[in-house]
Visitor: 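Sharing a structure here in structure tokens format.
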Amino acid sequence: MRLSCQPRLGLTRTLASIGLGLAVSFTAAGGAMAQAYPTKPIRMIVPFSAGGTTDIFARLMAEHLTKSLGQTVIVENKAGAGGNSGADTVAKAEPDGYTIVMGTVGTHAINGALYAKMPYDTAKDFVPVAFVAGVPNVLEVNPQKVKAKTVQEFIAEAKAAKPPLTMASSGNGTSIHLSGEMFKQATGVELTHVPYRGSGPAVNDLVGGQVDVMFDNLPSSIGQIRAGALRAIAVTSAQRSPALPDVPTIAESGVPGFDASSWFGLFAPAGTPKAIVDKLNAEVNKALEDPAVKQRYAEVGADIRIMSPPEFAAFQKAEMEKWAQVVKLSGAKVE
């Protein structure tokens with residue numbers, strides 16, 4: 001007796017048609033969501049206090065996104081725990097594109113290795129949206145206390161100093177502190193770390209001569225450098241800064257491969273629809289091409305890097321691996 005397979009074949013075709021229809025529907029829905037988004041104000045969390053480098057870039061980007069998206073982007077400062085408090089707010093927010101964070105090299109690359117207990121998983125609880133700014137740190141000294149004008153002269157002077165030169169930072173485990181630790185590891189010099197509560201008081205004491213050297217974020221120190229109160233010996237980035245074109249990099253000054261830049265970028269909660277992530281990325285990248293933004297970046301010594309979400313994710317992963325090694329070798333830890 002021969003059984004017909006037509007009913008089964010018909011059922012298969014019907015299911016396939018339904019599946020295709022659902023796929024088309026979901027694709028259309030995703031496209032419609034991206035076109036409609038945003039329909040209400042967006043919160044951009046800054047995990048540090050107002051007036052700092054992170055806040056500067058957040059407000060600059062919020063201004064442009066407000067214009068391009070047609071909805072107000074509200075900057076909300078939520079400082080605490082080295083940026084972890086504000087970042088955690090976003091990690092636990094609804095993944096709908098209406099709560100995002102201006103993350104930093106600290107909150108999204110260093111802290112996971114530095115803090116004994118983290119309220120969020122840096123790699124799993126966020127989706128990278130867009131790279132916003134790269135900022136070199138600058139090896140700077142008090143010119144009344146340190147004679148060196150080049151990296152090699154500084155290495156020689158530091159090795160000969162008894163007691164060791166003092167190195168200010170904005171706090172234990174910050175990129176400013178760890179840039180100095182990376183330099184110590186690469187060159188073998190000894191520097192006595194003096195942590196402060198932020199760059200402001202640290203720079204003030206460096207200018208006043210209470211400490212000798214610092215690896216500060218360029219925007220925080222560029223005014224004092226231009227005024228002659230501090231001497232910039234080298235920048236920590238892979239390339240020279242357009243804001244200080246005559247100041248060499250540490251890498252080109254005899255410490256090959258040295259790169260300890262700070263950076264800032266937008267992150268959304270994990271699970272945020274790809275269509276929304278892509279739309280935000282496109283708008284940020286469009287803002288980065290704006291002449292007014294480029295001028296502002298040039299003034300504070302920041303650099304622009306256009307990245308897609310996957311490119312930003314790969315960059316963040318590499319940064320996490322690099323800084324985890326620095327934290328391990330430095331022995332820095334925050335309980």
Side-chain angles (χ1 to χ4, degrees), residues 48-60 104-106 133-155 157-158 161 164-172 174-184 189 191-237 239-250 252-253 258-264 295-303:
F48 299 96
S49 58
T53 304
T54 312
D55 189 65
I56 291 172
F57 288 121
R59 293 183 187 280
L60 179 64
T104 70
V105 63
V135 174
N137 290 347
V138 56
L139 166 54
E140 59 195 18
V141 299
N142 180 302
Q144 305 302 317
K145 299 193 68 181
V146 178
K147 297 178 180 179
K149 295 183 178 180
T150 68
V151 170
Q152 294 304 317
E153 288 176 357
F154 177 77
I155 292 173
E157 187 172 346
L165 298 178
T166 51
M167 178 186 74
S169 84
S170 56
N172 186 41
T174 61
S175 69
I176 293 170
H177 168 211
L178 294 181
S179 292
E181 294 296 337
M182 185 184 292
F183 183 83
K184 288 164 61 177
V189 304
L191 300 169
T192 300
H193 179 219
V194 182
Y196 286 78
R197 291 180 178 273
S199 286
V203 172
N204 287 341
D205 272 10
L206 181 61
V207 172
Q210 282 75 35
V211 284
D212 304 311
V213 59
M214 188 174 176
F215 290 75
D216 192 29
N217 292 155
L218 185 53
S220 306
S221 289
I222 196 165
Q224 298 287 5
I225 292 170
R226 287 171 174 164
L230 296 177
R231 178 189 298 134
I233 292 180
V235 292
T236 65
S237 51
Q239 290 83 35
R240 293 192 182 197
S241 170
L244 297 174
D246 296 330
V247 177
T249 67
I250 291 177
E252 71 179 277
S253 302
F258 194 97
D259 183 4
S261 300
S262 295
W263 53 263
F264 307 83
Q295 177 60 34
R296 181 62 177 139
Y297 272 45
E299 290 172 358
V300 298
D303 68 273

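If you read the sequence from its start, that first residue is 1, and numbering goes on from there.
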Visitor: Atom CD of E181 and atom CG of L191: how far apart are they, to the nearest 0.5 Å?
Guide: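 One gets 8.5 Å once the value is rounded to the nearest 0.5 Å.
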Visitor: So if I apply the side-chain contact (heavy atoms from CB on, under 4.5 Å) rule between M214 and each of N142, V141, I176, which one comes out positive?
Guide: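 That would be I176; it is the only one of N142, V141, I176 passing the side-chain contact (heavy atoms from CB on, under 4.5 Å) with M214.
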Visitor: Please enumerate all residues that pass side-chain hydrogen bond (donor to acceptor under 3.5 Å, both in side chains) together with S175, with sequence neighbours excluded.
Guide: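 Result, side-chain hydrogen bond (donor to acceptor under 3.5 Å, both in side chains) vs S175: S262.
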Visitor: Taking the side chain as everything from C-beta on, heavy atoms only, tell me whether N204 gets closer than 4.5 Å to Y196.
Guide: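 Of all side-chain heavy-atom pairs linking Y196 with N204, none is under 4.5 Å.
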Visitor: Contact between V138 and P136 at the side-chain level, heavy atoms closer than 4.5 Å - yes or no?
Guide: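 No. Closest side-chain heavy atoms not under 4.5 Å.
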Visitor: Please report the shortest heavy-atom distance between G301 and A243, naming the atom on each side.
Guide: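 Heavy atoms only, the tightest pair is CA-CB, 3.4 Å.
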Visitor: Would you name the heavy atoms of V203 and S220 that are closest together and state the gap between them?
Guide: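 Closest approach of V203 to S220, heavy atoms only: CG2-O, 4.4 Å.
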Visitor: Is the count of non-hydrogen atoms from other residues, nucleotides or ligands lying under 6.0 Å from Q152 atom CD greater than 12?
Guide: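 Yes.
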Visitor: Quick one: pull up CD in E140 and CZ in F215 and give me the separation to the nearest 0.5 Å.
Guide: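 Going from CD on E140 over to CZ on F215, the span is 9.5 Å.
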Visitor: Just verifying a value: how many Å separate S179 OG and I250 CD1, rounded to the nearest 0.5 Å?
Guide: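 Result: 8.0 Å between the selected atoms.
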Visitor: So which atom in V213 and which in L206 form the shortest heavy-atom distance, rounded to 0.1 Å?
Guide: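 Of all heavy-atom pairs spanning V213 and L206, the closest is N-CD1, 3.5 Å.
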Visitor: In Å and rounded to the nearest 0.5 Å, what is the NE2 to NE2 distance from H177 to H193?
Guide: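 NE2 of H193 is found 4.0 Å from NE2 of H177.
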Visitor: Mind listing the closest non-hydrogen atom pair of M167 and G180 along with its distance?
Guide: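 So the two residues come closest at SD-CA, 3.6 Å.
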Visitor: Taking D212's backbone N and O only, do any of them form a donor-acceptor pair with T166's side chain (distance below 3.5 Å, no angle check)?
Guide: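 Indeed, once roles are kept as given, a pair shorter than 3.5 Å links the two residues.
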Visitor: Anything under 3.5 Å between a donor and an acceptor, one on a side chain of residues 223-233, the other on a protein residue two or more places apart or in another chain? List them.
Guide:
from : atom 1 : to   : atom 2 : distance (Å)
R231 : NH1    : V146 : O      : 2.9
R231 : NH1    : A148 : O      : 2.9

Visitor: Do you know the tightest heavy-atom contact between A202 and S169?
Guide: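 The answer is CB-O, 3.7 Å.
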Visitor: Is a donor on one side and an acceptor on the other found under 3.5 Å between the side chain of T236 and the backbone of N137?
Guide: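 Indeed, once roles are kept as given, a pair shorter than 3.5 Å links the two residues.
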Visitor: Going through the checks in order, is the side chain to side chain contact (heavy atoms under 4.5 Å, CB included) test met by D303 and W263?
Guide: CA-CA 9 Å; D303 68 273; W263 53 263; over 6 Å; no
Visitor: Check for a donor-acceptor pair, side chain of K145 on one end and backbone N or O of G209 on the other, with a separation under 3.5 Å.
Guide: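 Side chain of K145 to backbone of G209, a donor-acceptor pair under 3.5 Å: yes, one is there.
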Visitor: Can you find a heavy atom in the side chain of F57 that is under 4.5 Å from one in the side chain of V300?
Guide: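 Side-chain contact under 4.5 Å: yes.
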Visitor: If the condition is side chain to side chain contact (heavy atoms under 4.5 Å, CB included), which residues does S253 pass it with, not counting sequence neighbours?
Guide: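 If we apply the side chain to side chain contact (heavy atoms under 4.5 Å, CB included) test to S253, skipping adjacent residues, the hits are V151, P248.
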Visitor: May I have the step-by-step check of side chain to side chain contact (heavy atoms under 4.5 Å, CB included) for F48 and T53, ending in yes or no?
Guide: CA-CA 9 Å; F48 299 96; T53 304; over 6 Å; no
Visitor: Should T54 and F264 count as side-chain neighbours, where that means a heavy-atom distance under 4.5 Å?
Guide: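 In short, these two side chains touch, coming nearer than 4.5 Å.
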Visitor: Check L218 against S241 and note the closest heavy-atom contact, atom names and distance.
Guide: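 Nearest pair, atom of L218 first, then S241: CD2-OG, 3.5 Å.
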